[in-house]
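None of the values given here were measured: they were computed from a predicted structure. Counting from 1, the numbers follow the sequence of the chain as shown.
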Amino acid sequence: MTVAEFLDQLREAPLVASVQAPAGSPCSDPQVIRAMALASLSQGVKVLRLQGVASIQAVQRATDALIIGLVKRTYLDSEIHITPTAVEVHEVAATGAQVVALDATSRGRPEQARLADLVRIAHGLGLIVMGDCDSVGSVRHAVACGCDMVGTTLSGYTSGSPHLVGPDIALVRAATQFGVPVLAEGRYDEPWQVRAALAAGAVAVVVGGALNDPLKTTHRFLSATRLEQPVGAVDLGGTWLRWAVFEDGRLHSQERVPLPPTHLERLDWISGLARRAGVDRVGVSAGGVVDPRTARVTDCKPFVPDYLGRSFALPDVEVYALNDGLATAWGHATHGDWYGERVATVALGTGVGCGVAGPRDVETDIGGDYPRLNDLPVVSGWTFEDVLGGLSLGPSPDEESRDAARAVGKVAVETVKSLFHPDRVVVCGGVGLADWMAPAWEEAGVSTSPYGPDAGLMGAAMLAANPPARLGREGVRCV
């Protein structure tokens with residue numbers, strides 16, 4: 001078969017079903033693999049990706065579908081497992097598969113094998129070669145070594161690639177610039193992701209676990225039925241540093257201290273309470289931009305001393321950290337009365353925070369930035385934060401300041417509605433929940449936080465207990 005003939009089949013059905021099961025799984029039996037492969041083929045799939053000689057042969061006895069074959073094998077002197085040496089290339093060729101998939105990263109291969117040599121051997125055996133890549137560098141390496149097509153299979157699974165929650169569509173887009181067909185693969189769980197990859201230039205999308213891994217799917221759904229072990233929650237504001245343990249849907253063991261002046265003191269306080277409570281996951285709701293990948297503050301106002309550039313990462317504890325407006329929005333979006341809605345939060349405390357979240361994720365960029373409602377001008381050069389922030393209002397605002405805050409509060413809500421079109425707007429924070437602000441919220445038709453003064457803590461708790469998709473299932477640790 002030629003590459004052109006293979007691509008013709010992909011054009012008819014650009015979905016490749018990867019039918020594999022980990023060793024020890026009840027689904028690893030070749031006859032079970034055969035049944036799952038036939039199920040995908042019955043729906044119009046033309047190409048399968050299969051692992052292991054026995055599984056490939058079992059499927060071939062039942063169908064003439066095109067097969068991308070591979071053999072996973074572990075060698076002590078290499079991290080490469082996907083068809084690592086010439087031995088495995090010959091095994092795939094002997095099955096009659098049309099395509100062989102090879103790890104095409106630049107990592108050292110077992111027995112000092114070279115990718116270019118394996119590609120030459122595969123071509124000599126009449127095989128088309130798919131190079132499984134993790135980065136632009138490995139795509140370049142694969143093409144230079146003669147691979148006929150490349151896949152983004154290994155992005156997120158090696159130290160040389162970004163560990164994203166979802167698929168690496170950016171790599172798909174970049175790989176199309178090298179002049180060979182690109183198959184998108186790796187963490188494709190939803191139809192929109194398939195469409196996005198095809199729009200980015202992929203000739204096909206390989207989907208595995210979402211189609212053919214009942215263990216993985218069962219685990220995903222089962223984990224949604226329960227909140228796991230107790231977690232710690234931290235709310236860092238401009239005045240107080242607060243802590244609570246979240247368990248059984250409630251906050252316990254609340255403590256607070258005046259905000260310590262140095263970041264090291266703050267971390268010591270949090271770490272000590274986490275050890276005392278015996279929790280290994282902590283959520284942090286804090287001012288400024290907090291990068292969820294590193295738990296580091298990358299931008300902030302000068303409310304908090306010794307803050308910019310500091311990280312909340314802790315040894316032996318997974319930390320899930322986000323801007324306080326975003327975290328609080330997640331806490332509200334996962335509240336029992338509103339779960340399933342798209343909820344915007346306006347947090348009026350020391351400053352002004354804002355966040356939007358839905359049932360699956362918080363709306364932010366990869367670096368954790370938040371909607372800059374606080375900095376928008378509202379009247380006569382004044383910003384929302386100048387009029388609504390507790391730092392500007394002081395502890396006992398006069399009636400003129402209160403009138404201005406009520407009027408501008410309604411403008412803030414209308415601004416959020418106009419910009420984000422949420423299903424619901426929720427107000428929280430010391431200023432937001434002040435009795436004298438209630439008439440403004442009633443007129444604006446917004447909800448006040450059911451968590452009262454604990455909205456920030458509940459947001460932090462839910463970051464750790466039920467992380468949004470963008471934060472994944474593993475937080476940040478000190479390294």
Practice prompt. Answer yes or no: is there an ion pair linking R73 with E91, defined by an N-O contact shorter than 4.0 Å?
Written response: yes
Worksheet item: Between R242 and D454, is there a salt bridge with N-O shorter than 4.0 Å?
Response: yes
Worksheet entry | H81 and Y75 aromatic centres sub-6.0 Å | no
Worksheet item: Does some side-chain heavy atom of D337 sit less than 4.5 Å from a side-chain heavy atom of E341?
Response: no
Worksheet item: Would you call E363 and R342 a salt bridge, using N to O less than 4.0 angstrom?
Response: yes
Worksheet item: With a 4.5 Å limit on heavy-atom distance, are the side chains of Q98 and Q9 in contact?
Response: no
Worksheet item: Do S161 and T158 have side-chain N/O donor and acceptor atoms under 3.5 Å apart?
Response: yes
Practice prompt. Decide whether S138 and D134 meet the rule of one side-chain donor and one side-chain acceptor closer than 3.5 Å.
Written response: yes
Worksheet item: Donor-acceptor pair, T152 side chain versus E185 backbone, under 3.5 Å?
Response: yes
Worksheet entry | Donor-acceptor contact present, side-chain R187 to main-chain S155, <3.5 Å | yes
Worksheet item: Is there side-chain contact between I67 and Q60, with at least one heavy-atom pair below 4.5 Å?
Response: yes
Discussion item. If you define the side chain from C-beta out and look only at heavy atoms, does anything of E318 sit under 4.5 Å from D280?
Written reply: no
Practice prompt. Could you tell me whether a side-chain N or O of Q193 sits under 3.5 Å from a main-chain N or O of D189, the two making a donor and an acceptor?
Written response: yes
Worksheet item: Would the number of heavy atoms belonging to other residues, nucleotides or ligands and lying under 6.0 Å from CG of D64 be above 12?
Response: no
Item to complete: Specify the closest pair of heavy atoms between C27 and I33, including all atoms of both residues, with the distance to one decimal.
Response: O-CD1, 3.5 Å
Discussion item. I'd like to know if the side chain of N323 reaches the main chain of G288, judged simply by a donor and an acceptor atom lying under 3.5 Å from each other, with no hydrogens or angles considered.
Written reply: yes
Discussion item. When you measure from the side chain of D248 to the backbone of R250, do you find a donor-acceptor pair of N or O atoms at a distance under 3.5 Å?
Written reply: no
Item to complete: Verify the distance criterion only: is there a donor paired with an acceptor across the side chains of T153 and D132 at less than 3.5 Å?
Response: yes
Worksheet item: Does a side-chain heavy-atom distance below 4.5 Å link D148 with V180?
Response: no
Fill in: Spacing of Q57 atom CD and R34 atom CZ [to the nearest 0.5 Å]
14.0 Å
Worksheet item: Between A58 and Q31, which heavy-atom pair has the shortest distance, and what is it?
Response: CB-NE2, 4.0 Å
Worksheet item: Under the 3.5 angstrom rule, does the side chain of H252 hit a backbone N or O of E247 as a donor-acceptor pair?
Response: yes
Worksheet item: Is the number of heavy atoms from other residues, nucleotides or ligands under 6.0 Å of D316 CG greater than 12?
Response: no
Worksheet item: Is it true that a side-chain atom of R49 and a backbone atom of I68 form a donor plus acceptor pair closer than 3.5 Å?
Response: no
Worksheet item: Is M36 close to S40 at the side-chain level, that is, under 4.5 Å between some pair of heavy atoms?
Response: no
Worksheet item: Can you say whether the rings of Y451 and H332 are parallel (under 30°), tilted (30 to 60°) or perpendicular (over 60°)?
Response: parallel
Practice prompt. Taking the side chain as every heavy atom from C-beta outward, state whether L322 and V362 have any atom pair closer than 4.5 Å.
Written response: yes
Worksheet item: Can you check whether N466's main-chain N or O pairs, donor with acceptor, with W330's side chain at less than 3.5 Å?
Response: yes
Worksheet item: Distance-only, no hydrogens or angles: does the Q177 side chain make a donor-acceptor pair with backbone N or O of A174 under 3.5 Å?
Response: no
Item to complete: Under the salt bridge (charged side-chain N to carboxylate O under 4.0 Å, His left out) rule, what do K72 and E88 come out as? Steps first, then yes or no, please.
Response: CA-CA 8 Å; K72 289 182 179 178; E88 291 78 30; over 6 Å; no
Worksheet item: Is there a side-chain contact between D423 and W338 (heavy atoms, below 4.5 Å)?
Response: no
Worksheet item: Donor-acceptor pair, S25 side chain versus A21 backbone, under 3.5 Å?
Response: no
Discussion item. Between R360 and E190 (salt bridge meaning N to carboxylate O under 4.0 Å), is one present in this structure?
Written reply: yes
Worksheet item: Is it the case that R310 places NZ or CZ above or below the six-membered ring of F312, under 6.0 angstrom from the centre and within 45 degrees of the axis?
Response: no
Worksheet item: Charged N to carboxylate O under 4.0 angstrom, D117 versus R114?
Response: yes
